[in-house]
2 protein chains.
Amino acid sequence: MTTQQVLIAGQWQNAEAESQFQPMDPTRGEIIDTSYPVSSWSDCDAALSAAAEAFSQMQSVSKEKIAQFLEAYATAIEKNSQAIVDIAHQETGLAKSPRLSDVELPRTTNQLRQAAKAAREASWCMPTIDTQNNVRSMLQAIGPVAVFGPNNFPLAFGSASGGDFAAAIAAGNPVIIKAHPLHPGTTRYLAELAHQEAQNAGLPKACIQLIYAMSNESGLKLVSDKRIGATGFTGSRKAGLALKDAADKAGKLIFLELSSINPVVLLPGALEQRCSAIAEEFANSCVMAAGQLCTKPGLLFVPASETGDEFVQQAAQRFCDAPSGTLLDQYAAETIFNLTSELVASGADLLTKNYHEDSQRFCQANTLLSVTSKVFLSNQDIFQTEIFGNASLVIRYNDCEDVVRILEVLEGNLTGCIYSHTEGHDDKDYPRIEQAMTPKVGRLINDKMPTGVLVSAAMNHGGPFPASGHPGFTAVGLPASIKRFTALKCYDNVREQRLPDLLKNKK
Amino acid sequence: MTTQQVLIAGQWQNAEAESQFQPMDPTRGEIIDTSYPVSSWSDCDAALSAAAEAFSQMQSVSKEKIAQFLEAYATAIEKNSQAIVDIAHQETGLAKSPRLSDVELPRTTNQLRQAAKAAREASWCMPTIDTQNNVRSMLQAIGPVAVFGPNNFPLAFGSASGGDFAAAIAAGNPVIIKAHPLHPGTTRYLAELAHQEAQNAGLPKACIQLIYAMSNESGLKLVSDKRIGATGFTGSRKAGLALKDAADKAGKLIFLELSSINPVVLLPGALEQRCSAIAEEFANSCVMAAGQLCTKPGLLFVPASETGDEFVQQAAQRFCDAPSGTLLDQYAAETIFNLTSELVASGADLLTKNYHEDSQRFCQANTLLSVTSKVFLSNQDIFQTEIFGNASLVIRYNDCEDVVRILEVLEGNLTGCIYSHTEGHDDKDYPRIEQAMTPKVGRLINDKMPTGVLVSAAMNHGGPFPASGHPGFTAVGLPASIKRFTALKCYDNVREQRLPDLLKNKK
């Protein structure tokens, strides 16, 4: 079995490998017969040097050329969709249809095309011209961007094709792709297409590079290296915080998406009005993709009332009845089981099973837990730990102030949602809940579940720490997401012919 | 002698003090007869709780009311200008005129009024409305902001009146003012006016609070506290990095301005054309305000040529002839002397004196050093250490590549400047120098010295680390500087009447 090659400085080459790894097929629980290298620092070092040179070259590449690359790449993904979906399915267990081929792949190409449009129209540069004083400024590319993608969206958030990749390239930055070890083959396939189209479009040879894996130590060195401009990371809180610490110390930017439990508050009127419908929405939102979504509703506030009891019973039944999805990672089931056990030991009631009979496929029973507001507050750190997967926690609350007290101790989240009566029966409580929730979330939602992050110019996929590392930026939605990978550059008294085109006087 | 009171939760009150301190009069070298408290953590804690409450209240205060406060405060400063200038002069030794009364005070009121205008027109909120999907987003106030101002601009960058203060308030955030210990009386006077006008305008009672000093430990706790939204810090690199580390670990934003040596490259043609004029500009820019400016040209690239020799001789003469300004701090002269000695020990030539006869006033001889490019590169960390004060280092370079090699090893700077021949005789070298300089600076300048940071919408007073902590933001220039103290908030499917006004459908 040969080991796959890394892409450095425009060349597919054998890695300077410290070791090798093989991904797994989650639907069968079997090792996939392809080997990938864990690169030593020398690969990272070579990629950084090549990226620094590519960055310099890219500053004289037109935005039109970058846009053409992004569009050609989107088209190449469509042409190769069958192969991409096949390998992504094999490595992640995500359904080929509708998930991969009908949802995630079109989302990916849509994002790339929106990034192309944004590269062309350049509104994200925010050119500001003070002609009277001849001072001008705009946002410009920041430097080589390292992209660490997550395990759960091999295409739309993938490090070779997702939102961070598209945004970094659209700004004019070279990208160093760090594959996720659970789907290295998908990433390799995409990186190959991207590299080919980038060369066709005349971009610098090192504008796209690929490394599959590296030691933790090398990862820390990479994000804090002098040659790096910024890093985009979506993944586990532990790994993200270690990278953040290294980058922060070096004064390097890192945009993170770490963890979120996405509180959803069901106000009494909403439940009186549409108990069953909300139970169905909630259960669907939690078990979809085995709950492996960063915006899964992980914390649901339900009134301690008869209707609340009815709701919880219906939701639990739906959790039990729904087939459990396939988990991405062979260790995920154990993690969910352990966290569930910890919540139970801390005073939560388990409303479903916490085991799964199926022994081959990676999976765990859909899990619903319940806790009183008092018990939640007695152990708030444990109870607001994200369980990445098909498990959620219900809090039974007594009144509005109960909800507020809990919202006030929550960490930052990507989203927060309030369901209320459509005829205004909850309008008395809404403002109080909203005021407590807004500072804790990046996106405030009414009357629908948080899963399904629309690619919209107005989207915010971000939020207060630890949902993200900087609450001023979004990871989804163009052109705004591009701003993460830019720096403000000012031209003071600079002669007209030396200015970037966007800052020249209008003819 | 009584100790001045802190302002917490709307009340002037005795501090819970750990100790006291007294500022000095730099022009006499004498202790000023007023005592200020070093607050214990309990003062900080009380201020944080009050600020959190004020933040919540401020979200229902109209932008018009905030604007009215900023304008009324500017007027109050003008009405009290004599007293403000007197106390600022006594504490800092900065000239009453033109510096304090004719330059810095009008700059301060101008900034406050521009902030008022920005609060009203709210373009910095960047409202984005996707009506088709009913997703909307905008930048909003982030939470209580702690402002640590620098020693060198008691008014225009002062923590009770400067750019960070104005930007934080304009965004709708309460401010916790941390006075600079070298001018606590100036800060107290301004905070008193600000508090009074804030109350007149109907702002929350704790929207402006004042603490003079605290232990390092309490400072670290303050910037990383859960109740804080963000911190603005301008000051020493050592203190700033300690605060940054604490804030970063807690996932809290901190906007820093730390250090900058502001490289200036004199290309050969420029020197052939206007040697004396540039020598005059350079010397003036370095000795003005005793060089205690964050954009002082601290590193000057001069060709190793006869004209270069002539330039250096003229500049050194001007350094020797110019009266040395008063330094802000009693330890500044010693620091400059020590750093100068270190550069000499590392191979630099001293072209001026390095001592000053005057023993009362805080001062040091205007200091110019020179080094070859080779020696600079042999000890690049030492030679790019900022000397905050009236000292600068000349590098004698052999050719364009020499300059590029040095620019490539520089840390981030606020500014970088290139002087070139007006008829194009340097146009061959300019692009290469510009390309190497741009990634290292926030503001690229042509043909003028970097001192004098214009308050312009297009200004960037920021840059790559360690010039600032985030190269995407400016500390000077409205409305852009406001964005530092905001978070992106998205409203997804939120009912029309619940939206912020800026996000409602246009009637």
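A, B, ... follow the sequence lines: proteins, then strands. Residue 1 opens every chain. Since the model is a prediction, treat every value here as computed from it, not as a measurement.
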Practice item. Give me the one residue out of A:Asp130, A:Asn134, A:Thr128 that meets side-chain hydrogen bond (donor to acceptor under 3.5 Å, both in side chains) with B:Ser456. Key: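 Of all the options given, the one that passes is A:Asp130.
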
Revision key, fill the gap. Applying a strict 4.5 Å limit to non-hydrogen atoms, the region of B:Ser468 in contact with chain A is neither

Practice item. Let me know if B:Ser60 has heavy atoms under 4.5 Å from chain A in its side chain, its backbone, both or neither. Key: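 When you check distances to chain A, no heavy atom of B:Ser60 falls under 4.5 Å.
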
Review point. Looking only at atom types and distance, does a side-chain atom of B:Asn460 sit under 3.5 Å from a main-chain N or O of A:Leu488, one as donor and one as acceptor?
Key: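 Answer holds: yes.
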
Check your understanding: Does the B:Lys226 side chain pair with the main chain of A:Glu411, one donor and one acceptor, at a distance under 3.5 Å?
Key -> no

Look at [options] and state which one has the largest set of heavy-atom pairs under 4.5 Å with chain B.
| options | result |
| --- | --- |
| A:Asn446, A:Leu444, A:Val135, A:Thr474 | A:Asn446 |
| A:Thr422, A:Ile418, A:Leu139, A:Leu241 | A:Thr422 |
| A:Val494, A:Asp447, A:Ile445 | A:Val494 |

Practice item. For B:Ala458 and A:Ser137, work out which heavy atoms get closest and say how close. Key: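 Closest heavy-atom pair between B:Ala458 and A:Ser137: O-OG, 2.9 Å.
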
**Study point:** Greater than 12 external heavy atoms within 6.0 Å of B:Gln132's CD
**Key:**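 Atom CD in B:Gln132 is not crowded, with 12 or fewer foreign heavy atoms closer than 6.0 Å.
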
Review point. Does some side-chain heavy atom of B:Lys448 sit less than 4.5 Å from a side-chain heavy atom of A:Asp492?
Key: yes

Exercise for review: Indicate yes or no: at least one non-hydrogen side-chain atom of B:Ser420 is less than 4.5 angstrom from one of A:Arg498.
Suggested key: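 Counting from C-beta outward, B:Ser420 and A:Arg498 do come under 4.5 Å.
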
Is chain B contacted by the side chain of [X], its backbone, both, or neither, given a heavy-atom distance below 4.5 Å?
| X | result |
| --- | --- |
| A:Leu454 | side chain |
| A:Thr415 | neither |
| A:Leu503 | neither |
| A:Glu434 | side chain |
| A:Thr131 | neither |

Exercise for review: Determine which residues belonging to residues 248-258 of chain B lie within contact range of chain A, meaning some heavy atom pair is under 4.5 Å apart, and list them by number or answer 'none'.
Suggested key: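 Within residues 248-258 of chain B, the residues that come under 4.5 Å of chain A (heavy atoms only) are B:Asp248, B:Lys249, B:Ala250, B:Gly251, B:Leu253, B:Phe255.
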
Exercise for review: Determine the option with the most heavy-atom pairs under 4.5 angstrom with chain A, choosing from B:Met138, B:Arg495, B:Gln435.
Suggested key: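 Maximum pair count with chain A is reached by B:Arg495.
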
Check your understanding: How many angstroms lie between NZ in B:Lys483 and NZ in A:Lys483, if you round to the nearest 0.5 Å?
Key ->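 Atom-to-atom, B:Lys483:NZ and A:Lys483:NZ are 5.5 Å apart.
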
